[in-house]
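The structure appears below as structure tokens.
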Amino acid sequence: MLDELEKLYTQSLETLGSAQETAVLEEWYRDTLGKKGKIYLMTRQVGQLSKEERPIFGKRINVIKTELQEAYDGRLGELKSAELETEIASSAIDVTLPGRPVTAGGLHVVTQTLREIYRIFGDMGFQIYRSPDVETDAYNFELLNFPPHHPAREMQDSFYTEKSDVILRTHTSAGQIRAMREYHPEPIRVILPGMCYRNEQITTRSSIQFTQVEGLAVGENITFADLKGTLTEFAKRLFGADRKTRFRASYFPFTEPSAEMDVTCFLCDGKGCQICKYTGWLEILGSGMVHPNVLRNGGYDPEKYTGFAFGMGPERITMLKYGIDDLRLFWRNDLRFLQQF
Ligand code: DAH
């Protein structure tokens, strides 16, 4: 029986050594060292041995048990780490793969124009004054000298709310009254940028919103010469030092006198082209001396104070600058358009 035991021992070691998977090892364990395994079955046969043989056999079988257990543990460790290695190798991260580029966003082209305008007026001492998009009829029209049925309201088809006197501002001029009421009787030099809302159905180019930059200067001894000087200097800084300006008489209820400013076309330099419709001039903004009624509504005595105001559309300026022919492109979020700027 001892011979049989030794044979079992060497055979078991051999199969253990040749096992290549942990699953095979586990099977081996059940067969050999398990509760009903071969070693156990051998111990059960001890009774068949003589008294002298029993202790020798018993000792030997114990030694073999421990050795097989150790051999099993060792082999299991080897196979486990080998299996882990192959798993790591097969699912490894390929560090040589190029990374995904982080795309940097950019400023919307109209925002770029706005910031350019802020910078120029900032250099000339104008502060930015913010006023609300949702306005009352009073601020948007009446206090700016548009009486309730004045025909000038026709040009600004408004968005009304459920409250009869609350509207979306149709122009940034509404903020003029707010700035004056806040600062009077101190002198004022502000620009008022922001979104304006009008229902416009010009052929297919319907639009409902656009930005404006309003300007307001109020103080003593401010004249039309200050208006012309400031706006001409602005045009040169924005469009180039050799731009010329001209002022054409116009009408706005809140200014008197009123004027529109043109600059010589920066594409053809005044010679005439498609952009300036062969006139050589581009209309850039509306302006005028603040009407005495408006000064009074803002808290200033028109006998003592005067002022000038102006308003421009950054979208229009951007369209002229880049030859963009459709206002709706600014709102479409088409990257092919936006990435050009
Ligand atoms: N509010 C006018 C508009 O939306 C633009 C404007 C014209 C503003 C003349 C002014 C100004 O301040 O003096 O059409």
Side-chain angles (χ1 to χ4, degrees), residues 114 117 121 124 126-133 135-146 150-159 167-180 188-200 202 207-219 222-232 234-235 245-263 282-295 297-298 300 302 305-317 319 327:
L114 274 169
I117 295 170
F121 281 110
M124 297 202 271
F126 284 76
Q127 287 186 311
I128 293 183
Y129 187 88
R130 297 273 175 193
S131 70
D133 290 31
E135 267 296 3
T136 59
D137 186 273
Y139 280 100
N140 196 82
F141 291 124
E142 278 206 66
L143 295 166
L144 289 171
N145 216 24
F146 290 78
H150 195 282
R153 289 187 178 216
E154 287 287 301
M155 292 163 66
Q156 307 194 356
D157 189 5
S158 317
F159 289 99
I167 62 170
L168 296 184
R169 68 173 167 202
T170 58
H171 54 178
T172 44
S173 307
Q176 285 192 27
I177 302 287
R178 291 182 180 272
M180 285 192 275
I188 296 181
R189 217 187 282 171
V190 292
I191 53 170
L192 307 97
M195 194 61 77
C196 301
Y197 308 84
R198 284 182 209 172
N199 180 33
E200 297 197 336
I202 318 159
S207 77
I208 55 160
Q209 62 182 61
F210 54 92
T211 51
Q212 277 193 340
V213 177
E214 186 88 9
L216 176 68
V218 180
I222 292 182
T223 68
F224 199 82
D226 295 311
L227 180 156
K228 284 182 84 172
T230 305
L231 294 179
T232 298
F234 163 72
T245 53
R246 75 175 182 193
F247 289 80
R248 283 178 291 104
S250 184
Y251 172 77
F252 301 102
F254 42 92
T255 46
E256 183 60 36
S258 304
E260 273 165 332
M261 183 178 84
D262 298 342
V263 297
L282 297 168
E283 184 199 316
I284 293 301
L285 52 80
S287 64
M289 299 304 290
V290 182
H291 194 288
N293 288 348
V294 175
L295 282 171
N297 290 337
Y300 290 85
Y305 298 96
T306 49
F308 66 85
F310 54 89
M312 65 188 83
E315 280 88 355
R316 180 177 156 75
I317 289 173
M319 288 170 85
L327 182 72

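Both ligands and their constituent atoms are indexed starting at 1 by order of listing.
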Does ligand 1 have an atom that lies less than 4.0 angstrom from a heavy atom of Q212?
yes
Considering only NZ, NE, NH1 and NH2 on the basic side and carboxylate oxygens on the acidic side, decide whether D157 and R198 come within less than 4.0 Å.
no
What about T255: any of its N or O atoms under 3.5 Å from an N or O on ligand 1?
no
If you have a sec, work out which protein heavy atom is nearest atom 11 (C) of ligand 1 and how many Å separate them, to one decimal?
F254 CE1, 3.4 Å
So which of R198, M289, Q156, M155 gets nearest to atom 4 (O) of ligand 1, if we judge by its closest heavy atom?
R198
Where ligand 1 meets Q176 - atom numbers and elements under 4.0 angstrom, heavy-atom basis:
12 (O)
Closer than 3.5 angstrom, by distance alone: can the side chain of S250 be matched with the main-chain N or O of R248 as a donor-acceptor pair?
no
Which of the numbered atoms in ligand 1 are below 4.0 angstrom from a heavy atom of G288?
13 (O)
Nearest to atom 13 (O) of ligand 1, what protein heavy atom do you find, and at what distance?
A309 O, 3.1 Å
What atoms of ligand 1 come within less than 4.0 Å of a heavy atom belonging to G286?
7 (C), 9 (C), 11 (C)
Do ligand 1 and F252 have nitrogen or oxygen atoms that lie under 3.5 Å from each other?
no
Atom indices of ligand 1, in the order listed, that fall short of 4.0 Å to a heavy atom of S173:
1 (N), 8 (C)
Going by distance only, is there an N or O of E214 that falls short of 3.5 Å from an N or O of ligand 1?
yes
Which heavy-atom pair separates M319 from L327 by the least distance, and what is that distance?
CE-N, 3.5 Å
Measure from the ring center of F308 to the ring center of F224 and say whether it is less than 6.0 Å.
no
Look at the rings of F126 and F310 and say which category their plane angle falls in: under 30° parallel, 30 to 60° tilted, over 60° perpendicular.
perpendicular
Donor-acceptor pair, side chain of T245 and main chain of T232, under 3.5 angstrom:
no
Heavy-atom contacts under 4.0 Å between S287 and ligand 1: side chain, backbone, both, or neither?
backbone
Can you see which heavy atom on M180 is nearest to which on L216, and at what distance?
CG-CD2, 3.9 Å
Can you tell me the protein heavy atom closest to atom 5 (C) of ligand 1 and the distance?
G311 CA, 4.3 Å
Treating S287 as the side-chain partner and A259 as the backbone partner, does any N or O pair qualify as donor plus acceptor under 3.5 Å?
yes
Of H150, H171, H291, the one forming a ring pair (Phe, Tyr, Trp, His ring centres under 6.0 Å) with F254 is H171
